[in-house]
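Fair warning: this is a prediction, and the values are worked out from it, not measured in the lab. Count residues from 1 along the sequence. Whatever order the structure lists them in is the order used to number ligands and atoms, beginning at 1.
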Amino acid sequence: MIAPSILSADFARLADEVAAVNGEPGHRADWLHVDVMDAHFVPNLTLGLPVVESLLKVTDIPIDCHLMIEDPDRWAPGYAEAGAYNVTVHVEAAKDPVMLAKDLRAAGAKAGLSIKPNTPLEPYVEVLKHYDTLLVMSVEPGFGGQKFIAEVLDKARKAREMVDTGHLNLVVEIDGGINADTIEQAAEAGVDCFVAGSAVYGAEDPSRAIEALRAKAAPAFAHARQ
Ligand SMILES: O=C(CO)[C@H](O)[C@H](O)COP(=O)(O)O
Ligand SMILES: [Fe+2]
């Protein structure tokens, strides 16, 4: 799956920017990645629930909310209640991630847990049994257009192995620095869902960029599952 991040879109033309990734099959975004930043958990401020509610009215692409906020236990369920398809919180910010996953699911969303580049995976394997998505950050959260940190792929590989052996049942998603040069190595590591902000919205034709990313990832994606 390819999940364009609207962080790199033109915020004054959001409905048009979403329409630009809602093309024919193959050119279409599988998820629409929405980065919510609160200027506390990360040193940047983006958008919040009112904008997500407006986006839900103009698209049927499943919305993937990546909440880079403090106190997600309090705020994240509101995004699920609004109708977001997947709501991801950061393990570094969540007070009770197991209870939070239950709340997100009870509100009708898939529950996602994200780990920053320097956060290890192992301590959270039991917690991840309650989650539908693991978002492996491949840049420090906060800004688009950063350089891909390849070292995080070890965590993606471990997660893939745990999914393939039945220890976990979740989508492995990666976020940060994904482009035509980096997507193959992520696909080879067993990632299922690739967030791409600048690589999609920085391109002249966002739907063609999605198609190009998918074509690059496909052989390695298949190889990782043989
Ligand atoms: O969560 C994020 C940053 O914290 C964004 O989703 C991510 O950076 C996407 O942008 P790019 O593909 O340009 O790296
Ligand atoms: Fe993100």
Side-chain angles (χ1 to χ4, degrees), residues 1-11 14 17-18 20-21 29-49 51-52 55 61-70 72 75-76 79 84-94 109-119 131 133-153 155-156 171-187 191-204 206-207 209-210 212-214 216-217:
M1 294 189 285
I2 307 289
S5 163
I6 58 160
L7 185 60
S8 299
D10 179 350
F11 278 16
L14 272 186
E17 294 280 68
V18 172
V21 297
D30 296 286
W31 289 0
L32 187 71
H33 188 84
V34 178
D35 290 301
V36 175
M37 303 186 189
D38 68 351
H40 289 272
F41 180 71
V42 289
N44 195 6
L45 183 66
T46 54
L47 51 86
L49 186 55
V51 176
V52 171
L55 286 170
I61 303 172
I63 290 194
D64 173 32
C65 285
H66 176 194
L67 303 184
M68 286 160 274
I69 60 171
E70 285 184 354
W75 300 109
Y79 292 80
Y85 178 76
N86 182 81
V87 178
T88 290
V89 298
H90 268 268
V91 72
E92 303 87 358
K110 303 281 184 200
L113 195 66
S114 184
I115 53 175
K116 296 204 281 186
N118 292 326
T119 301
Y131 278 84
T133 310
L134 166 67
L135 179 62
V136 177
M137 287 306 297
S138 40
V139 297
E140 281 303 326
F143 299 93
Q146 301 183 74
K147 190 173 171 294
F148 182 71
I149 302 171
E151 287 74 18
V152 307
L153 291 178
K155 291 188 278 188
V171 168
V172 181
E173 185 178 15
I174 197 159
D175 185 9
I178 291 292
N179 56 40
D181 296 327
T182 57
I183 197 167
E184 267 177 288
Q185 43 184 311
V191 169
D192 301 300
C193 181
F194 307 86
V195 176
S198 44
V200 170
Y201 280 109
E204 202 157 313
S207 71
I210 292 173
L213 287 171
R214 214 191 291 285
K216 274 268 183 182

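When only modelled atom types and interatomic distance are considered, Asp35 and Thr46 share no side-chain donor-acceptor pair under 3.5 Å.
In this structure, Leu45 CG and His40 NE2 are separated by 8.5 Å, a value rounded to the nearest 0.5 Å. Atoms CD1 and CZ, on Ile178 and Phe148 in that order, are 4.5 Å from each other to the nearest 0.5 Å.
Under the side chain to side chain contact (heavy atoms under 4.5 Å, CB included) rule, Val34 has a single partner from Ile63, Val18, Leu67, which is Ile63.
The residues lining ligand 1, counting any heavy atom closer than 4.0 Å, are Ser5, Leu7, His33, Asp35, Met37, His66, Met68, Met137, Pro141, Gly142, Phe143, Gly144, Gly145, Asp175, Gly176, Gly177, Val195, Ala196, Gly197, Ser198.
Within the protein, the N, O or S atoms lying under 2.8 Å from the Fe ion (ligand 2) are His33 NE2, Asp35 OD1, His66 ND1, Asp175 OD2.
Residues Ile69 and Val36 meet the side-chain proximity criterion, which asks for heavy atoms closer than 4.5 Å. Taking 4.5 Å as the limit, every side-chain heavy atom of Asp175 sits out of range of all side-chain heavy atoms of Val139. Tyr201 is listed as a side-chain neighbour of Val21, based on a closest heavy-atom distance under 4.5 Å.
Around the NZ atom of Lys110, the shell of radius 6.0 Å holds no more than 12 heavy atoms that belong to other residues, nucleotides or ligands. Few gaps surround CZ on Phe143; more than 12 heavy atoms of other groups in view lie less than 6.0 Å from it.
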